[in-house]
Amino acid sequence: MIDVASPREVTEPDLWHHGDRDVVAGLVDFAVNVRPPHTPQWLMEALTNDVDWASYPDVEPARKAIAAHHRVDASMVLPVAGAAEAFTLIARAIKGTSQVVHPQFTEPEAALLAAGRQPRRHLLDARTGFTLDPHLVPAADLVVVGNPTNPTAVLHTADTLMKLSAGVLVVDEAFMDAVPDQSESLIAADMTGQLVLRSLTKTWAIAGIRAGYVVGDPALIRLIAAQQPPWSVSTPAAAAMVACCRAERATEAAAVSREAAQCRRDLVKRLHGIGLNTVEGAAPFVLLDTAPISTNSLRQPLAELGFAVRRGETFPGLGPTWLRLAVRTPEQHQQLVQELAQIKEQRCPAH
């Protein structure tokens, strides 16, 4: 495990790079972690029907819907313009030392740097499957970790996370709704010293709407809410939150998570079938190291063959041979893995 300082002016890799920049028109998209190809019709109707676009946004119905969905008090909920906004609010509001556990979504560190902070990185080891030993993470006033983590897909236990030495523990659960039972979520009636970030983007295909929320310690919710610009959560985003948190959507969301888990197993099996190892995880994406095939990134060769994949080198702790593959359909998995197998055969022919 390594801890290194990370001032913005010398920071590498590019923390401001995200998967949508790896997508080019005409390529099969394995780069962006939005699961369904289209927004559900019922949600499209919720975004447009009976919504007063002429008035300023009112997020109170969304706050109450989210609170009811998670069975917590409304004082523990803050709707935000996508989980990414929450990281900016947290970076501005919560002072002191900060630790970011990597590899993970880069926005938390980017937000801290933009706020003039000097976060430190705690790098997890590929040799241990990027598992987390809480006793090795230095204490800090603010500790940020993903669960399940982007890009590794590793699901840490709630007990492990609770052992982290943090004045404020921030857990990015943007992909927790893709875990069928969500048993390792930290969302609970008592969340003293904790903030959990959630996103509606991935399950319901509304990346363009920017709809997310924070659940946590009411005192911390008030602290970060004070940093939020007026009306940052739009009218359609608030409507989406209400629609997605209705009780009748729970069964549909559970089915989506089970399907994602099944498709993930399909992709992993196919990759293993051509001799490529993957990181064990529970999110709707797969991290693999293509070092057995090439010392350079296969992103561009795969793009030339018609596939967009998420490059690994923009995540601290990973290098160019790492690729993150979003889970798609078995047919698309077969197409991609066939191309990977051909690349492997060309570069590493059997002796």
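Checking side-chain atoms of T39 against main-chain N and O of A205 turns up a donor-acceptor pair under 3.5 Å. Looking at T157, its side chain does come within 3.5 Å of a backbone N or O of T160 through a donor-acceptor pair. Here the side chain of R299 pairs no donor or acceptor atom with the backbone of A308 at under 3.5 angstrom. Between the side chain of T128 and the backbone N or O of L124 there is no donor-acceptor pair closer than 3.5 Å. Side chain of T290 to backbone of T321: a donor-acceptor contact under 3.5 angstrom is found. The backbone N or O of A326 sits nowhere less than 3.5 Å from a side-chain atom of R310 that would complete a donor-acceptor pair. Checking side-chain atoms of R328 against main-chain N and O of D29 turns up a donor-acceptor pair under 3.5 Å. The backbone N or O of P151 sits nowhere less than 3.5 Å from a side-chain atom of R324 that would complete a donor-acceptor pair. Side chain of H122 to backbone of H102: no donor-acceptor contact under 3.5 angstrom is found.
Checking T192 against D217 by side-chain atom types alone, no donor-acceptor pair falls below 3.5 Å. The closest side-chain donor-acceptor pair between H156 and N147, if any, does not fall under 3.5 angstrom. For the residue pair Q104 / T149, no side-chain donor-acceptor distance below 3.5 Å is found, with atom types taken as modelled. There is a side-chain donor-acceptor pair under 3.5 Å between S75 and D73. Between the side chains of Q182 and S185, no donor N or O sits under 3.5 Å from an acceptor N or O.
P119 pairs with exactly one of L142, L113, T97, V144 by the side chain to side chain contact (heavy atoms under 4.5 Å, CB included) rule, that one being L113.
The side-chain tip of R198 does not point at the ring of Y213 from less than 6.0 angstrom away and within 45° of straight on. Stacking of R249 on the aromatic ring of W42 is recorded, both the 6.0 Å distance cut-off and the 45° axial limit being met.
Taking a 6.0 Å sphere around CD of Q227, one finds it holds more than 12 heavy atoms contributed by other residues, nucleotides or ligands. Atom CD of Q342 has more than 12 neighbouring heavy atoms from other residues, nucleotides or ligands inside a 6.0 Å radius. No more than 12 heavy atoms of other residues, nucleotides or ligands shown are found within 6.0 angstrom of NZ on K269.
Under 4.0 Å is where a charged nitrogen must lie from a carboxylate oxygen, and between E109 and R121 at least one such pair does.
Note on V170: it clusters hydrophobically with V80, by side-chain heavy-atom contacts below 4.5 Å among ILVMFWY residues. By the criterion of side-chain heavy atoms lying less than 4.5 angstrom apart, applied directly or through intervening Ile, Leu, Val, Met, Phe, Trp or Tyr residues, V171 is not grouped with L89; the two fall into different hydrophobic clusters. In the hydrophobic clustering of ILVMFWY residues, with side-chain heavy atoms under 4.5 Å counting as a link, V143 and L132 come out together. Two different hydrophobic clusters hold W231 and V233 under the rule that ILVMFWY side chains link at heavy-atom gaps under 4.5 Å. Linking ILVMFWY residues whenever their side-chain heavy atoms come closer than 4.5 Å, directly or via other members, leaves M76 and V242 in distinct clusters.
You'll find the side chain of T106 reaches within 4.5 Å of the side chain of P316, heavy atoms only.
Aromatic rings of F315 and F105 (six-membered ring for Trp) have centroids beyond the 6.0 Å cut-off, not under it.
Between W322 and F130, the two ring planes are perpendicular [angle over 60°; tilted spans 30° to 60°].
A pairwise comparison of heavy atoms in A140 and Q99 identifies CB-CG, 3.6 Å as the closest pair.
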